[in-house]
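By convention in this document, chain letters (A, B, ...) are assigned in the order of the sequence lines, proteins followed by strands, and residues within each chain are numbered from 1.
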Amino acid sequence: MTMKKNWWKALAVVIMTYVIWVGLLGTVPRQPILNESIRNVYFHVPLWFSMIILMLTSMIYSIRYLRKGRMDDDHISVEFANSAILYGILGCATGSLWASVTWGDPWPNDPKLNSVAVGMLMYFAYLILRNSFDDELRRARISAIYNIFAFAVFVPLIFILPRLTDSLHPGNGGNPAFGKYDMDSGMRLVLYPSVIGMTLLGVWITQLRVRLRRLRDRLDHVNDALPKAHSTAE
Amino acid sequence: MQQIRVLIGKEFRLEWRQRYALNGMLLYIVSTVFVCFLSFSLRRNQLTPMVWNALFWIILLFTAINAIAKSFVQERAGRLLYYYTLVSPQKIILSKIVYNTLLMLVLAGLGFGIYTLVMGVPGEGMDMPLFVVNLLLGAIGFAASLTLVAGIASKAENSATLMAVLSFPVVLPLLLMLIRVSKNALDGLDRSVSLDEIGTLLAIDAIVLVLSVLLFPYLWRS
């Protein structure tokens, strides 16, 4: 029963163990400049992929909230956004580490980095917007609107703009994509599972936080109801 | 269509009755330009095209945010409610976007005039038609995205800070494209160079316009 429902958590654990194991110990192609740091591909790139997936899910739940008005969708949406922000920060950190090794600068002036920084600003603004409302329903509706709007602007920012300029990243501004020459099939066998594993892990984190939020919500309701019960008993 | 025209007329009349706000905006852009001019303490034609361009668009960005931020706070909540019983919310947001686009064009035109008067135009062979088209696309994009954000911010308490925080990242992709096209226009590059950017600008304008119209009905209900 529990296995039937939670198989994907087991899958996430298995995949991530495999990714960390093979990612750190497996053989990788020797590349000039990159050297051993090429292993970061297994962690840095999947973080971004799963961040986009988490943001997309967050937006879908915002749309669902606007259509159906169920408070639960708002909880799920904000927690997906939170997980996406966590992944974004981790992605920046791994990227920064990698950049200081290969490009000699922890934060080179690269359009992709700048776009991501602006994207993070958008989601921080989303959290600030949420905190500036006291009324629950109002907060849910207005932040859902901003969430949808922000994601729609974020997509061109991260997918279109870097391709129009010169970028250090592979696959942008005339640079060949990674897969073209320096990724062999052995690396793909780790990279693609890693994307799935990271996404599942993100969903897991989100699920736990949503449950926590639901419990807190219920607790609030109970606490609100209690003094009333007292006064009627008296 | 008829309703939208009436609503736009209403926006104009409202602005005319509260002339101090409009005059304030005009004075805002003039004094900002002048502050920039004095801060650089320049004689004419001393800025490189790159700095000239970036400064111009930053001035316009701040003017736009200030001008459009007031589009929902100018009217009392009761009166807004009255409009909503009369016409559909899509028409209200469309009329506000059209009006704000026109307002932005007036402000941008004035700003450009004063800016070139005091700062001069860097380099020769500026592609004026391209620059004007770019200004037009910028006005539409600013108006569409900022009007919705102004609506969102007006629902919260500290709306002035929130307006800035919410709108900067949202407007940025648009601003980057505008700056690039206008740099191309300043340098007098061949127009085919800017085609990609113009396409992206049109796409971003379309996205924010469609989203504003789609999302606004959910906003006004709260």
Enquirer: Report yes if some heavy atom in the side chain of B:Ile207 is under 4.5 Å from a heavy atom in the side chain of A:Val153; otherwise report no.
Expert: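 Not touching, per the 4.5 Å side-chain cut-off.
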
Enquirer: Less than 4.5 Å to any heavy atom of chain A: does that hold for the side chain of B:Ser145, its backbone, both, or neither?
Expert: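 Backbone plus side chain of B:Ser145, per the 4.5 Å heavy-atom cut-off to chain A.
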
Enquirer: Kindly check if the number of other-residue, nucleotide or ligand heavy atoms within 6.0 Å of CE (B:Met50) is above 12?
Expert: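 Atom CE in B:Met50 is not packed in, count stays at 12 or less.
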
Enquirer: Identify which part of A:Phe149 has an atom lying under 4.5 Å from any heavy atom of chain B, answering side chain, backbone, both or neither.
Expert: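 When you check distances to chain B, atoms from both the backbone and side chain of A:Phe149 fall under 4.5 Å.
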
Enquirer: Can you give me the closest heavy-atom contact between A:Phe133 and B:Lys155, atom names plus distance?
Expert: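 Shortest heavy-atom separation between A:Phe133 and B:Lys155 comes out as CE2-O, 3.3 Å.
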
Enquirer: Do you know which two heavy atoms are closest between B:Pro173 and A:Leu157, and how far apart they sit?
Expert: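 For B:Pro173 versus A:Leu157, the nearest heavy atoms are CG-CD1, 3.5 Å.
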
Enquirer: With respect to chain A, which residue among B:Leu214, B:Val208, B:Ile204 yields the maximal number of heavy-atom pairs within a distance under 4.5 Å?
Expert: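 Of the candidates given, the most pairs with chain A belong to B:Val208.
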
Enquirer: Let me know if B:Leu148 has heavy atoms under 4.5 Å from chain A in its side chain, its backbone, both or neither.
Expert: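 Side chain only.
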
Enquirer: Check whether any side-chain heavy atom of B:Leu215 sits under 4.5 Å from a side-chain heavy atom of A:Leu66, and report yes or no.
Expert: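 Yes. Closest side-chain heavy atoms under 4.5 Å.
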
Enquirer: Does A:Arg209, at its CZ atom, have more than 12 non-hydrogen atoms belonging to other residues, nucleotides or ligands within less than 6.0 Å?
Expert: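 It does not: A:Arg209 CZ has 12 such atoms or fewer within range.
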
Enquirer: In terms of heavy-atom pairs under 4.5 Å with chain A, which of B:Val165, B:Leu166, B:Leu211 leads?
Expert: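 Of the candidates given, the most pairs with chain A belong to B:Leu166.
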
Enquirer: Please check if atom CZ in A:Phe49 has more than 12 non-hydrogen atoms from other residues, nucleotides or ligands closer than 6.0 Å.
Expert: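 12 or below, so no.
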
